[in-house]
Protein chains: 2
Amino acid sequence: MAESKRTWMYSQRFSEALPTRPFPEAERSMNLMTGGKLKLVQAALRLITETRSLTSLGLRELAREAGLNPNTFYRHFKNLDEFGLQVLDYIAEDMKAGVRQLRQMAASSEQASHETVAFVYHYFLANPAATTVAVRELHGPSAVLRQALEAQLDASAREMAEDILERRLVAGVAAETIHEISRMTIRYILFRAMDYIEKPHQRESIQQETERFINRQFRGALLDDLSPARLEQLVTTLV
Amino acid sequence: MAESKRTWMYSQRFSEALPTRPFPEAERSMNLMTGGKLKLVQAALRLITETRSLTSLGLRELAREAGLNPNTFYRHFKNLDEFGLQVLDYIAEDMKAGVRQLRQMAASSEQASHETVAFVYHYFLANPAATTVAVRELHGPSAVLRQALEAQLDASAREMAEDILERRLVAGVAAETIHEISRMTIRYILFRAMDYIEKPHQRESIQQETERFINRQFRGALLDDLSPARLEQLVTTLV
DNA sequence: TTCGCAGGTAGACACTTGTATACTTCTGAA
DNA sequence: TTCAGAAGTATACAAGTGTCTACCTGCGAA
């Protein structure tokens, strides 16, 4: 990978979206969650990975999975909505930590874009619960959760775009366009992440497909302002 | 729109995905559903549009909304899973009808791509229940429903791609690439459709964004095989 | 006219759910 | 050491759920 020193033109490190961390959804300290509260949140993540969706989790189900008395729930949360939001916070913390790590990593070694894609998907694979809950609730029935998640994704997209801009990874594309493509990319990757987790045999092809997606977006953006006539002309020169 | 006779280069009629029909989720005849069965399915669609997700609907809830005795449910469906599948079939029927109509329409008048995008989003707006259930269950907890929906989407993508190929709407892009872009596009549009429905003020910008997405995909595909060096060279000529 | 049977209803079953009140245990500061 | 408050438990209740068996209705074929 020494071939690509400063390969602008297409995104590398395209997604700060939901990056990685060595040991994910287990022992966390910064979140100031302990004891029963922590047990309940972790129980939720466990249940979500198996079958359920966050919004559909029941109070007693949670307590059962956590090995606690149902009423303990009320010691920590007012109701299930508040619980959902806290789970989201818990996950967001994880994501941010991953972003920081990815940033450091990319700063030290100039990665090729496909390595970064691999990296991000690896994160999803290591954090299936966080991934699943994000995908499910982004279009789920609870407006509160949807809104919270969208804010989180947009923040990630903004970081990704600013990083691309700062490090001049893409040339010839307007800043606003880079922001837009970042938003689209992050959402696209998030959705593909579900397939990536669930279908081990397709993982490689999903990665490649994602790289093509990103490259096409940024390369296509180069031609944004071309008239159809000019474009046709260009095609003939390419063939 | 007389300016664009045969505007290849970018997709118009990009999405057969989930097109329209004048009066959507109401009086249907082809589906051979009548009486109580129909009432239950329609009740489901009603509930889904409001708050719920298909997987989380209860048998009694359904019957209540439909104005029927809970046990009537068992006269028509073995269990809730089978019910879910039938609802999906019901919706799929709708989509296919829309596809046919869109095909006719596009054949008669050479549309610009942005008109087609508007058309498709209009369909979503007219069929909020079908749209919502598709988005929610595509990543939902039920594997059966997920699989059924994916098949449905892939079929739509295939139709879209074949149509683009037959009518030579895009030049200089490999057939397989067109298929791939079609799949990506259909999924992208489906997700955006939720925002389109829920956020009236953003509708116009969502449409435009979608057009840009599609154009960039196809235009970027033109440059798929270019080396970074060649690409850099190209950028300088464009500036 | 009778019969079969699909469609719809009624009541009951065991079970789960969210929530409230009251009781116990643990823990850390005064 | 005491004691307040946090964390956890026990019991109870009304309401909701899926499913079973049994009964009633209307209608087309025999």
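Lettering follows sequence order; numbering is per chain, from 1. These numbers come from a predicted model, not from an experiment.
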Any residue meeting salt bridge (charged side-chain N to carboxylate O under 4.0 Å, His left out) with A:E198, in chain and number order, not counting sequence neighbours: B:R146

Contacts of B:R192 meeting salt bridge (charged side-chain N to carboxylate O under 4.0 Å, His left out) (sequence neighbours excluded), chain-then-number -> B:D195, B:E209

Atom [atom1] of [X] to atom [atom2] of [N]: distance rounded to whole Å?
{"X": "B:F77", "N": "D:dT19", "atom1": "CZ", "atom2": "C1'", "value": "17 Å"}
{"X": "B:L62", "N": "D:dG18", "atom1": "CG", "atom2": "C1'", "value": "13 Å"}
{"X": "B:N69", "N": "C:dG8", "atom1": "CG", "atom2": "P", "value": "10 Å"}

Got a sec, which pairs hit side-chain hydrogen bond (donor to acceptor under 3.5 Å, both in side chains) with one end in residues 55-69 of chain A, sequence neighbours left out? A:R46-A:E65, A:R52-A:S56, A:R52-A:E61, A:T55-A:E137, A:N69-A:N71

Tell me whether B:N79 contacts the main-chain N or O of B:E82 through its side chain, where contact means a donor paired with an acceptor under 3.5 Å. yes

Its contact letters, B for base, S for sugar-phosphate only and - for none at protein heavy atoms under 4.0 Å, make nucleotides 15-22 of chain C read --BBBB-B

Look for any protein N or O under 3.5 Å of an N or O in nucleotides 26-28 of chain C and output each such pair with its distance, or none.
none

Under 4.0 Å: is that the gap between some side-chain N or O of A:H76 and OP1 or OP2 of D:dG8? yes

What orientation do B:F213 and A:F213 show, parallel under 30°, tilted 30 to 60°, or perpendicular over 60°? tilted

Please work out whether the ring planes of B:F191 and A:H139 are parallel, tilted or perpendicular, with thresholds of 30° and 60°. parallel

Tell me whether A:Q147 at atom CD has more than 12 heavy atoms from other residues, nucleotides or ligands lying less than 6.0 Å away. no

Looking at residues at least two apart in the chain, or sitting in another chain, which of them share a side chain to side chain donor-acceptor pair (under 3.5 Å) with A:Q207? A:Y196

